[in-house]
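In what follows, chains are A, B, ... by sequence order, proteins preceding strands, each numbered from 1. All heavy atoms count here, side chains included; hydrogens, waters and symmetry mates do not.
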There are 4 protein chains.
Amino acid sequence: MGAVKSKRVPRAVRERQMLDAAVLTFARRGYRAASMDEIAEVAGVSKPLVYLYLNSKEDLFSTVIRRESEALVAAVTAAVEPGGTADRQLWSGLEGFFAHTAEHPDGWAVLHQQARTHGEPFAHQVAAMRTEIVAFVTELLGAAAKEAGCVGELAEREVAGLAHALVGAAESLAEWANVRTDEGASGEREHPSAKDTAATMMNFAWTGLGRLTGGERWAPGGLAVDREGRSAARG
Amino acid sequence: MGAVKSKRVPRAVRERQMLDAAVLTFARRGYRAASMDEIAEVAGVSKPLVYLYLNSKEDLFSTVIRRESEALVAAVTAAVEPGGTADRQLWSGLEGFFAHTAEHPDGWAVLHQQARTHGEPFAHQVAAMRTEIVAFVTELLGAAAKEAGCVGELAEREVAGLAHALVGAAESLAEWANVRTDEGASGEREHPSAKDTAATMMNFAWTGLGRLTGGERWAPGGLAVDREGRSAARG
Amino acid sequence: MGAVKSKRVPRAVRERQMLDAAVLTFARRGYRAASMDEIAEVAGVSKPLVYLYLNSKEDLFSTVIRRESEALVAAVTAAVEPGGTADRQLWSGLEGFFAHTAEHPDGWAVLHQQARTHGEPFAHQVAAMRTEIVAFVTELLGAAAKEAGCVGELAEREVAGLAHALVGAAESLAEWANVRTDEGASGEREHPSAKDTAATMMNFAWTGLGRLTGGERWAPGGLAVDREGRSAARG
Amino acid sequence: MGAVKSKRVPRAVRERQMLDAAVLTFARRGYRAASMDEIAEVAGVSKPLVYLYLNSKEDLFSTVIRRESEALVAAVTAAVEPGGTADRQLWSGLEGFFAHTAEHPDGWAVLHQQARTHGEPFAHQVAAMRTEIVAFVTELLGAAAKEAGCVGELAEREVAGLAHALVGAAESLAEWANVRTDEGASGEREHPSAKDTAATMMNFAWTGLGRLTGGERWAPGGLAVDREGRSAARG
DNA sequence: GATGAATGAGTCTTCATTCAT
DNA sequence: CATGAATGAAGACTCATTCAT
């Protein structure tokens with residue numbers, strides 16, 4: 001099992017090996033169920049070395065979260081096309097997001113499933129990252145609303161809700177896509193559906209937003225009309 | 001602490017007390033960190049009794065998941081207005097969902113955060129419930145597409161993706177709404193924003209879907225029309 | 001080894017067994033070197049039971065110190081003859097002290113050697129007891145000075161110093177007597193030299209070496225003259 | 001914060017640095033709690049070097065004990081005035097003892113508190129030194145008895161007991177004096193009370209409380225006179 | 001001469017689980 | 001029906017000690 005034993009490796013390298021092992025193990029077992037013994041074994045080193053370099057299980061988990069958070073944010077940031085329209089930026093960002101989570105399913109699992117579930121030191125870290133992303137999305141939605149000529153129509157609180165919904169939808173899709181990928185992957189598929197998933201996401205969210213910024217609202221009786229009384233009926 | 005000691009309680013009642021205590025404790029601490037000791041203490045019974053009735057920690061957790069799953073599905077099902085249009089049904093279902101999760105935050109936390117994070121026996125159970133809900137949503141989406149005259153155009157896989165996105169968005173909003181509710185609650189507020197949250201969700205998803213079933217697609221360049229240059233409506 | 005296994009023992013009894021085992025083990029090995037494993041084994045129970053009843057190694061050590069301190073103080077207090085002169089009281093107290101330490105060498109070792117050597121939580125506890133004893137001795141010395149008609153001549157600080165020296169001497173003698181007893185004991189000697197040791201101590205401290213070398217001896221009845229009836233003075 | 005890194009230091013010096021660090025650390029933490037890591041860090045060298053020079057923790061502790069024992073014995077021996085009377089010699093020895101322990105509190109703590117508490121290899125070493133000192137005191141007491149014309153009256157066993165009591169008292173006073181000194185020291189006070197402490201000790205032991213309460217005082221020059229001016233001089 | 005890299009062994013502590021009453 | 005008494009097994013963490021450079 002594990003990698004080939006290689007002795008006398010410089011610290012930086014060993015540290016990375018350990019973090020990789022930790023990501024894998026935390027993703028597979030969860031924070032509590034993952035034992036330092038297993039992490040050390042997966043990393044191909046002895047337990048004391050893990051403690052020497054990473055101090056404690058908590059610190060190790062924290063470090064993992066930080067590393068994976070930063071990697072994810074960096075991937076999304078790098079993917080966003082700087083000069084584009086809001087929808088284009090959102091799309092490229094989503095593509096980066098789906099590509100990264102598909103390529104690093106364990107890291108994503110740690111962030112999305114484990115870190116949020118295990119008490120304050122960690123939940124806070126992920127929440128911070130998520131807030132960062134939600135803020136970015138909120139900004140894009142605002143910009144999109146302006147581009148669509150809808151000035152100040154959407155209450156801030158409403159936009160924030162939409163952003164949360166969008167991010168939640170994206171997270172859910174990322175998980176879904178990963179599961180499907182994991183099962184179906186018989187060999188080396190290049191993170192297959194990042195583009196497709198991003199498109200699905202845009203279709204789901206953007207077209208809806210398009211109408212929304214146009215003044216439409218959904219209401220129990222059907223689509224509501226806007227202020228001017230124009231029909232917004234679905235039929 | 002713990003409940004008031006009461007002897008000679010019928011089994012069904014005792015069992016419910018234990019399950020309630022378990023839900024509370026699992027939600028608070030997580031599966032691994034919750035100890036049978038604490039659960040027994042919170043339930044106000046001795047540990048052996050917990051084992052006598054619920055067999056093991058795994059069984060206990062399973063039973064909790066089953067109970068909470070069924071309660072959630074029942075709540076959503078009951079909320080759906082039977083004879084209405086697809087959007088109306090989705091809306092009422094969402095309202096039921098948000099109302100139930102707001103009323104039972106611990107149960108929802110166990111389902112959403114804990115059960116999925118702790119390995120196979122449990123993740124599967126929640127996945128089953130989620131599948132049930134996604135299937136229901138998928139069905140509604142299909143019906144909506146038909147209502148909109150869009151016959152068979154949406155690939156099944158696409159609809160499934162949308163359903164997942166929708167459910168993910170709803171889950172994300174549920175968490176968001178609960179957190180905000182928790183903070184703002186100064187006394188006894190009747191899970192206030194279930195309706196609002198459902199509306200936000202519909203605005204986010206449905207209006208988008210409306211266009212979608214109308215043949216619109218988002219594409220890198222913006223909303224695309226179909227090949228013939230006709231207005232995006234596909235009739 | 002250890003006592004005969006006896007199952008299902010009431011808590012109070014088990015707790016005492018554990019404390020006895022702890023005293024023995026702490027005395028033999030020292031605080032740090034004593035392992036909870038060994039203590040449990042000596043007590044004839046499993047380790048978790050020790051933790052269930054005594055909480056932690058620190059708590060266990062603290063409890064041991066408290067129990068042994070109280071036992072020692074009680075023994076000395078009980079031995080002091082209430083109505084006697086100061087020297088008589090001191091003598092009887094010393095006898096009680098030496099008798100108790102001879103009968104409970106492990107307890108004494110824990111108090112005198114281990115507790116004071118292992119950091120703040122514990123050193124403080126023993127210091128408190130020691131202070132109590134030193135205060136008692138100081139009081140006796142003051143009374144003795146008065147009885148001897150020496151009013152206010154001895155500065156308080158000086159008396160305190162003397163009391164410390166006296167207690168230190170007694171402690172040293174207790175250790176010395178125990179070691180000699182341990183080695184020499186081939187069978188069951190009833191704590192042999194408590195009276196002798198107390199007498200030695202009184203000769204040393206009370207009458208002073210000066211008089212002692214002049215042939216005087218302290219005895220329960222007062223200062224003794226030598227065989228020839230010469231006055232005790234050496235000059 | 002160890003010492004400033006200095007390369008290529010002769011072995012003898014490095015060894016002394018390590019021993020100093022060890023004394024400090026053992027005194028602060030105790031034998032078991034002191035880690036070779038900390039000792040190496042305090043000494044400002046790497047751990048392997050400590051092992052290269054001092055072999056093992058046990059060896060290191062042994063070496064420390066030996067060094068400190070010898071230093072203490074040397075200090076006492078050097079302080080004793082060779083040609084004086086027995087009391088004078090005892091007094092000067094005590095002064096040397098108190099001065100040395102005040103100047104080297106860590107060394108004294110290691111000898112008095114740590115070495116005796118941690119099992120056989122070490123307790124024996126300190127016992128040997130103590131025996132040496134007790135023997136010296138015993139000898140002095142014998143000489144004093146002779147000087148006083150008391151030939152063979154004091155049983156050897158009795159004298160040994162007295163010597164032990166005396167040494168114990170001195171040790172207790174040393175600790176007491178040091179603690180009081182530590183607290184009161186606002187800057188650089190030259191171990192102030194060695195003389196005072198020695199005087200207290202002599203008053204306590206040599207003259208005896210009996211004479212003391214009669215108004216006599218021991219002083220470097222011999223017994224002091226009482227209030228009425230009667231001579232109390234021995235010679 | 002000196003050290004960064006590495007570990008086997010052991011310690012405290014906790015927990016799910018079971019009897020005997 | 002209900003529980004006080006008890007434990008096997010495992011997990012986080014530390015430490016004295018050694019190579020290879």
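Atoms OG and CE, from Ser56(A) and Met36(A) in turn, are 7.0 Å apart once rounded to the nearest 0.5 Å.
In this structure, Tyr53(B) reaches the dA2(F) phosphate: one of its side-chain N or O atoms is under 4.0 Å from OP1 or OP2. For Tyr51(A) and dT14(F), the shortest distance from a side-chain N or O to OP1 or OP2 is not below 4.0 Å. When the side-chain nitrogen and oxygen atoms of Arg32(D) are compared with OP1 and OP2 of dT14(F), none of them lie within a distance under 4.0 Å. For dA2(E), the OP1/OP2 oxygens have a side-chain nitrogen or oxygen of Arg14(D) closer than 4.0 Å.
Between His112(B) and His104(B), the distance separating the two ring centers is not shorter than 6.0 angstrom.
In this structure, CD of Glu38(A) is placed 15 Å from C1' of dA12(F), rounded to the nearest angstrom. Distance CE (Met36(D)) to P (dC15(F)): 12 Å, rounded to an integer number of Å. The distance between atom CG of Leu60(D) and atom P of dT17(F), rounded to the nearest whole Å, is 10 Å. Met18(B) places its CE atom 16 Å from the C1' atom of dA16(E), with the value rounded to the nearest Å. One atom, CG of Leu49(D), and another, C1' of dT18(F), lie 14 Å apart when rounded to the nearest Å. Here dG11(F) presents its P atom at 14 Å from OH of Tyr31(A), a figure rounded to the nearest Å. When the C1' atom of dA6(E) is taken as reference, atom CD of Glu15(A) falls 15 Å away, rounded to whole Å. Across the protein-nucleic acid pair, Asp37(B) atom CG and dT18(E) atom P stand 14 Å apart, rounded to whole Å.
Between Arg67(D) and Asp20(D), at least one side-chain N (NZ, or NE/NH1/NH2) sits under 4.0 Å from a carboxylate O, which counts as a salt bridge.
Lys57(C) forms no cation-pi arrangement with Tyr51(C), by the criterion of a distance under 6.0 Å to the ring centre and an angle within 45° of the ring axis. With Phe122(C) as the aromatic partner, Arg116(C) does not meet the cation-pi criteria of under 6.0 angstrom to the ring centre and within 45 degrees of the ring axis.
Projected onto DNA chain E by closest heavy-atom contact, Leu52(D) and Leu52(A) fall at different nucleotides, the more 5' of which corresponds to Leu52(D). Remark on DNA chain F: of its neighbouring residues Pro48(D) and Ala12(C), the 5'-side contact belongs to Ala12(C), judged by nearest-heavy-atom nucleotide.
Note on Arg11(B): nothing from the nucleic acid sits closer than 4.0 angstrom, heavy atoms only. Within the nucleic acid shown, Ala34(B) comes within 4.0 Å of sugar-phosphate atoms alone, with no base atom in reach, counting heavy atoms only. Counting non-hydrogen atoms under 4.0 angstrom, Ala33(D) reaches nothing in the nucleic acid.
Judged by Watson-Crick or G-U wobble contacts below 3.5 Å, the nucleotide dA20(E) has dT3(F) as its partner. The partner of dG8(E), taking Watson-Crick or G-U wobble pairs whose two distances both stay under 3.5 Å, is dC15(F). Base pairing analysis places dT13(E) opposite dA10(F); the two distances defining the Watson-Crick or G-U wobble pair are each below 3.5 Å.
For dT3(F), its base never sits under 3.5 Å from the side chain of Lys47(B) at any donor and acceptor pair.
Distance alone, capped at 3.5 Å, is enough to place a donor-acceptor pair between the Thr117(B) side chain and the Gln114(B) backbone.
Nearest to the side chain of Lys57(D), among dG4(F), dA16(F), dC19(F), sits dA16(F).
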